[in-house]
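These numbers were taken from a predicted model, which means no experiment stands behind them. Order of listing sets the numbers, starting from 1, for every ligand and every atom in it.
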Amino acid sequence: MTARATGVESIRVEVVGSCPECGSGRLARYAVLSEGGWFLVLKCQNCLHSLERASWRALGDVSRLGVD
Ligand SMILES: [Zn+2]
């Protein structure tokens, strides 16, 4: 139950695309810890608009992104 993934920001993955809000091409996917547990989000790095949000557990292999 202990979240040992410190330094979560370091596993941010850049994604090619464009933000529907501001048109920026700077999108990134990364994990965030919220009250429902870990979520993998896709956010615009310019305006922080959330394009996607998915439960970490639903994604199985996501731990292989390099949390260690
Ligand atoms: Zn944006």
Visitor: Leu51 and Pro20: which non-hydrogen atoms are nearest, and at how many Å?
Guide: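 Heavy atoms of Leu51 and Pro20 come nearest at CD2-CD, 3.8 Å.
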Visitor: What is the total of protein N/O/S atoms that are closer to the Zn ion (ligand 1) than 2.8 Å?
Guide: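 Counting protein N, O and S atoms closer than 2.8 Å to the Zn ion (ligand 1) gives 4.
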Visitor: To the nearest 0.5 Å, what is the distance between OG on Ser18 and CG on Asn46?
Guide: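 With rounding to 0.5 Å, OG (Ser18) is 12.0 Å from CG (Asn46).
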Visitor: Apply salt bridge (Lys or Arg N to Asp or Glu O under 4.0 Å) to Glu52 and list each qualifying residue two or more places apart in sequence or on a separate chain.
Guide: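 Glu52: salt bridge (Lys or Arg N to Asp or Glu O under 4.0 Å) contacts with Arg29.
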Visitor: Drop me the distance from Arg26's CZ to Cys19's SG, to the nearest 0.5 angstrom.
Guide: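 Answer rounded to 0.5 Å: 11.0 Å.
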Visitor: Enter the distance from Leu40:CG to Arg53:CZ here, rounded to the nearest 0.5 Å.
Guide: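 It is 10.5 Å, given to the nearest 0.5 Å.
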Visitor: Over all heavy atoms of both residues, which pair between Trp38 and Ala31 is shortest? Give the atoms and the distance, please.
Guide: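 Nearest heavy atoms, Trp38 then Ala31: CE3-CB, 3.8 Å.
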